[in-house]
Structure formats: C-alpha cells, structure tokens
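Remember, it's a predicted structure, so these values are computed and weren't measured experimentally.
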Amino acid sequence: MMQGYSDVLIGLQYGDEGKARVVDALADHYDVIARFNGGANAGHTVVVGGTTLALKQVPSGIFHPNKILYIGSGCVVNLVKLVTEIQVVRKAGIDLRDRLFISGQASLIQPHHLVLDTAHGKAIGTTRNGIGPCYADRASRMCDERLLNVRLADVLANPEVVLQQIKENCLELPEALRPETGVIDEMILELKEALTSVQPYVTLDPLFLERRVRKGAKVLFEGAQSCMLDVTRGSVPYVTSSNTVAAAAYVGGDLSQRYHRKTIGVAKAFMSRVGHGPFPSELGGEASAHYCAEGDCLAHGKKNEAHYNIEELLQSGDALKVGIALRVLSDEYGTGTGRPRRIGMLDTALLSHSVRMNGVDGIFLTKCDLLEVFERTPNRAIPVVRRYLQKGKEIDYVPMTDNEYEEVEPVISEIPAFSAAFESSPSFSELDTQLASFVRLVEEDAGVPIFGLGLGPERDQMLLDLNWIK
Ligand code: IMP
C-alpha cells in the first residue's frame, strides 16, 4: 500500500487569519486533522449550515464525519474546558467518540497555571488560559520529587498520586496568589471528574499517526496562533509560549518530518493583532494600540462599537476610524476573550518574511470581501505596506527586537479600491480584473502563489484552486 503524507497549515500573521474555515474547506482531501501546539488560547470558528462552533482545543475538521481529529503532544490540554467543548459539539449533533484522539504525552493545564497567568499575563496581554506557565513547567519538569509537568499519561497511570501533586503545585503558589484550600480542593475534584470524561479519547500510542500515515493516511496539521507569535521566532516577547512555525508540526504533531509534503500559509487581506507588541501597519498607529488596550474599550469594545455609524467612520478618512469600521464589519473581537483586535493594513513585507521563515508553498488569502470597505473612504484606495525601512535603509525581514521593529518605517502603496468583484467569482481564470491584479501584487511580494481566496462569510463564498492542493 502507498504511504500517505502530511501537509502543514499555519497562519502567517498574528493569529485570527481565519484558518479554521480554510481547514474546513480542505478537510475532504485528508484523513486526519491534527493540532500540534497551543491549547484553549486558540479560537477557531467554523460555521456550517447556520451552526457556528467556536472551537478551542478540538481540531477544525469537525464537520467532516469520517475524519480523525488528533491533539498532539505539543499541545497543552485544559480538561475541564475540553469536556465542555465535547458537550457543545455533541449538542450540535457531532459525536467525537472514535474520532477524537489525544496524545498521552500532551501536558495538562493545572489550576496554578491559570492563577499565575491571570496574575502575570497582563504585560503581554495573554488570554489567561495558563498556557505560558504550563509550557514553563514542561521545561522545568520536576521540583524535588514533585512533577511540575503533568502529562495525560502520567495522571492516568497514577491518578491519586498525581492529582495530589497537582494540589501541592497549587499550594506552592505565593501566599498572595494562593486560593483557599477549599477552592483548591474543588478545582482538583473538577479536574478528576473531567479526567474520567476525557480518558476514552486519550491514546497511549506514541506512533498513533505514523502507523496510519504509513498505511496511506493523509494528515493536515492545523497550526494554532500563527508564526509571528512563535515563542522563539516571532515578535518576542509579545508572543505565545509554544512554537507555532510550520516545522513545529513535526515535533508537537507526533509524526516524522519524512512525510512532509506542502506548507500552506493563511493570511488575512488586512491584518489584526491581539495584545501588545509592534504592529507597523496598524491603522491609527499608537492611537489604535492605546484605544484597544483601554479599560472601557477592552471590556465593552464590541458593545460600544456596534452603535457606531460605519459610513461616517469610513468617510472621515481617519485611519483609526477606518480601522474601527473594519473591526466592526469583520467582527474582529477575541473569540475567547471578546477583546477588540487591533486592525492594520495588509503588510506584504511581513508576509514575505513569514513565507521564507516557514517555507510556505502557497497562500490562502481570507476576507478579501472586506477590502470593499476602502471603496467608501475618501481616497478610494486600499493601503498596503510593501517594504520596511530601518534608519532609511530597506530591510527584507522583521527585526529581532521589539524596539527595532517599533522604529521600522513602513512604505505604503495605495491600490485603487474595488468592490464589484466579490459577488461571484467561479474560478481564478474568471476573476475580476482588479481583484486579479491585487492577487498578483500579493503573490509577487510574498513570492509564492495564492491558491485560495475568502470572498464572503458563507462556506461556499471561497475560491479554491483544487489542483494546487491535490
Ligand atoms: P497566550 O497564548 O494566552 O499566552 O497569549 C500570548 C499572546 O498571544 C497574546 O498577545 C495573545 O493575544 C496572543 N494569542 C494567543 N492565542 C491567540 C490566538 O488564537 N489568536 C490571536 N492571538 C493569540
């Protein structure tokens, strides 16, 4: 029998590129959809036939009944949230039994991780899911005789002992942060119950994927967060705590790199970023960063902004206001946190950096329909950052430190805006000429072909070159 292969799909910007919808569109071509990094900090929304599922830990191939869903050892699992997610999915008529498999080598989010992230995650603007403290404990492994890194396999092998260690890890928190003993006991009990529910989904076979791929299975690795949020190669320190680059799929995804075939990049036709960190193409620059981080906007952004007059915002031509309009129209608020995402122009200088850093073979460009917004601005132009200048000299990469990156001067091109293109585009060869030339410009700057376009919110409002993916 012919052996199978694996493709890796990752985001090329700062997350929230719409990866889940692309995974959903491609899932028919694979047998397994697998996660290799992160945990409940991800927010992957899939909409099918009026059902919207906001997934956090379960891979996005969920609406394809016969596909296996795999959570690899590179992930960190919040058991309590996973149980809820499985229940929500079941209510939508989808049974995950014999479909969802979780590596026993994945680490557990423990109560003290949540406490620490909530207390210390503000400077980075984390999602407070305990992700950073959990990966830190994975690296620390043990403290004296106590396990800091608790994997599913460890706790299933010896539940009473390991749950006691998890409790001790919580008792070791500094006094000011330590929950009361009764609260800790409750959390441990909740964890124990969740463990019982999740146990049937755990696989203790470290070669689970290899066995299947050797017999012909095709795997699509679904990256969470995005390459610019990689803990090592991203926009450090304002990043997540896992490796999010494409190569990480072959560590956290539990398959050898020998099966790799293609690297698929997903980018949004404009940009967004959650939390802090440099963002040279941000519409409204620092004013936007402050606005999005402010107490009231942070807490009630979506509710407040829903009342804004979109036409007035767009006609003002003010970059901050145009960004707000884009955020409202595109619903760019954190899936898990509800935080308003900072909005920016498409940045092809960054795209080229991400493509080369990950060896991307082709790009799916999402949310192209929203470019129509720029038709309603006074200069009827789509601004695109295409080059970076550092102290007057052009650079073709994203600098390593946030200070250097903050100082980069973006060079912006104004592309004539268009709108009629989005109603129906049956194939790439029949693409509206203005949209086609926009696509060509992005391809030239990024250095790889665009094989798919998002043209609207519905499942069928996308254009996909199936020959590219076959
Ligand atoms: P953490 O992953 O919760 O530790 O958060 C670290 C940084 O990554 C913060 O700036 C988050 O906003 C960002 N981040 C984490 N997950 C996502 C995501 O799924 N989309 C966008 N940003 C994310």
* Which heavy atom of Gly132 sits nearest a heavy atom of Ser241, and at what distance? -> CA-OG, 3.2 Å
* Check Val115 against Pro179 and note the closest heavy-atom contact, atom names and distance. => CG2-CG, 4.2 Å
* Please walk me through it: do Asp361 and Ile264 pass side-chain contact (heavy atoms from CB on, under 4.5 Å)? -> CA-CA 6 Å; Asp361 294 296; Ile264 301 166; over 6 Å; no
* **Side-chain heavy-atom pair Asp230, Val239 within 4.5 angstrom cut-off** => no
* Asked: Just how far is it from atom CD1 of Ile166 to atom CG of Leu108, taken to the nearest 0.5 Å?
  -> 5.5 Å
* Asked: Does any donor atom in the side chain of Gln225 or Tyr14 lie under 3.5 Å from an acceptor atom in the other side chain?
  -> no
* Where do Thr232 and Val245 land on the side-chain contact (heavy atoms from CB on, under 4.5 Å) test, with the steps shown first? -> CA-CA 9 Å; Thr232 314; Val245 291; over 6 Å; no
* Partner of Tyr250 under ring pair (Phe, Tyr, Trp, His ring centres under 6.0 Å), chosen from Phe221, Phe36, Tyr259 -> Phe221
* To do: Give a yes-or-no answer on whether the side chains of Asp117 and Thr126 include a donor-acceptor pair shorter than 3.5 Å.
  => yes
* **Contact check, side chains of Val32 and Pro59, non-hydrogen atoms, under 4.5 Å** => no
* Evaluate the ring pair (Phe, Tyr, Trp, His ring centres under 6.0 Å) criterion for residues Tyr405 and Tyr388: first the C-alpha distance (whole Å), next the side-chain angles of each, then the deciding distance (0.1 Å), finally the verdict. => CA-CA 10 Å; Tyr405 198 21; Tyr388 288 161; 5.8 Å; yes
* Asked: Regarding Ser354 and Gln13, is there a side-chain donor-to-acceptor distance under 3.5 Å anywhere?
  -> no
* Among Asn41, Thr84, Leu82, Val76, find the residue that satisfies the side chain to side chain contact (heavy atoms under 4.5 Å, CB included) test when tested with Gln57. => Leu82
* So, does Gln164 use its side chain to make a donor-acceptor pair with the main chain of Val162 at under 3.5 Å? -> no
* Asked: Among side-chain atoms of Asn149 and Ser107, is any donor-acceptor pair under 3.5 angstrom?
  -> yes
* **Closest contact, heavy atoms only, Ala119 versus Leu177** => CB-CD2, 3.6 Å
* Asked: Would a 4.5 Å heavy-atom cut-off, applied to side chains only, mark Leu466 and His29 as touching?
  -> yes
* **No-hydrogen, no-angle side-chain donor-acceptor test under 3.5 Å, Thr240 and Tyr135** => no
* To do: Please name the pair of heavy atoms, one in Arg327 and one in Arg342, separated by the smallest distance, quoted to 0.1 Å.
  => NH1-CA, 4.3 Å
* Give a yes or no on whether a salt bridge exists between Asp154 and Arg151, defined as a side-chain N under 4.0 angstrom from a carboxylate O. => yes
* Asked: Between Arg212 and Asp31, is there a side-chain N and carboxylate O pair less than 4.0 Å apart?
  -> no
* To do: Verify the distance criterion only: is there a donor paired with an acceptor across the side chains of Asp24 and His64 at less than 3.5 Å?
  => yes
* Flag, side chain of Arg99 to backbone of Pro65, donor-acceptor distance under 3.5 Å -> yes
* Hey, are Arg211 and Asp205 close enough for a salt bridge, meaning a charged N less than 4.0 Å from a carboxylate O? -> yes
* **Ring-face cation contact, Tyr201 with Arg97, 6.0 Å cut, 45° max** => yes
* Is the gap between the ring centers of Tyr5 and His260 under 6.0 Å? -> no
* Can a donor-acceptor pair be found between the side chains of Lys367 and Ser330 at a distance below 3.5 Å? -> yes
* **Approximate separation, where rounding is to 0.5 Å, of Leu207 CG and Leu255 CG** => 10.0 Å
* **Within 6.0 Å of NZ in Lys262, more than 12 heavy atoms from elsewhere** => yes
* Asked: Salt bridge check: are Asp331 and Lys302 linked by an N-O gap of less than 4.0 Å?
  -> yes
* Asked: After noting the C-alpha distance and the side-chain angles of Leu453 and Phe364, does the key distance pass the side-chain contact (heavy atoms from CB on, under 4.5 Å) rule?
  -> CA-CA 6 Å; Leu453 295 174; Phe364 190 110; 5.6 Å; no
* **Asp254 and Ser73 side chains, donor-acceptor separation under 3.5 Å** => yes
* Test item: Thr348 side-chain N/O and Val385 main-chain N/O as donor-acceptor pair under 3.5 Å -> yes
* Do the side-chain N and O atoms of Asn129 and Lys81 include a donor-acceptor pair separated by under 3.5 angstrom? -> yes
* Asked: Going by heavy atoms in the side chains, are Pro410 and Asp347 under 4.5 Å from each other?
  -> no
* Is a donor on one side and an acceptor on the other found under 3.5 Å between the side chain of Asn243 and the backbone of Ala248? -> no
* Asked: Strictly by modelled atom types, are Ser288 and Glu282 linked by a side-chain donor-acceptor pair under 3.5 Å?
  -> yes
* Please name the pair of heavy atoms, one in Ser226 and one in Thr244, separated by the smallest distance, quoted to 0.1 Å. => O-OG1, 2.8 Å
* Do any N or O atoms from the side chain of Ser103 and from the backbone of Gly72 form a donor-acceptor pair under 3.5 angstrom? -> no
* Asked: So, Asp137 and His112: side-chain donor and acceptor under 3.5 Å apart, yes or no?
  -> yes
* Asked: Does Glu286 CD have over 12 foreign heavy atoms under 6.0 Å away?
  -> no
* For Arg261, look at atom CZ and say whether over 12 heavy atoms of other residues, nucleotides or ligands are found less than 6.0 Å away. => yes
* Asked: Are the side chains of Ser352 and Tyr397 in touch, meaning some heavy atoms are under 4.5 Å apart?
  -> no
* Separation between CD1 of Ile102 and CG of Leu79, rounded to the nearest 0.5 Å -> 7.5 Å
* To do: Please report the shortest heavy-atom distance between Pro200 and Ser197, naming the atom on each side.
  => CD-O, 3.2 Å
* So how far is it from Met271 CE to Ile343 CD1, rounded to the nearest 0.5 Å? -> 10.0 Å
* Verdict with supporting geometry, Glu222 and His44, side-chain contact (heavy atoms from CB on, under 4.5 Å) -> CA-CA 10 Å; Glu222 173 186 21; His44 293 165; 3.1 Å; yes
* Neighbour count >12 (heavy atoms, 6.0 Å) for atom CE, Met142 -> yes
* **Donor-acceptor contact below 3.5 Å, side chain Lys268 vs main chain Gly18** => no
* To do: Indicate whether any N or O donor in one side chain lies under 3.5 Å from an N or O acceptor in the other, for Lys192 and Thr196.
  => no
* Asked: Cut-off 3.5 Å, side chains only: do Ser235 and Arg273 have a donor facing an acceptor?
  -> yes
* Does the ring pair (Phe, Tyr, Trp, His ring centres under 6.0 Å) test come out yes or no for Phe208 and Phe101, once each step is laid out? -> CA-CA 9 Å; Phe208 178 91; Phe101 296 88; 4.8 Å; yes
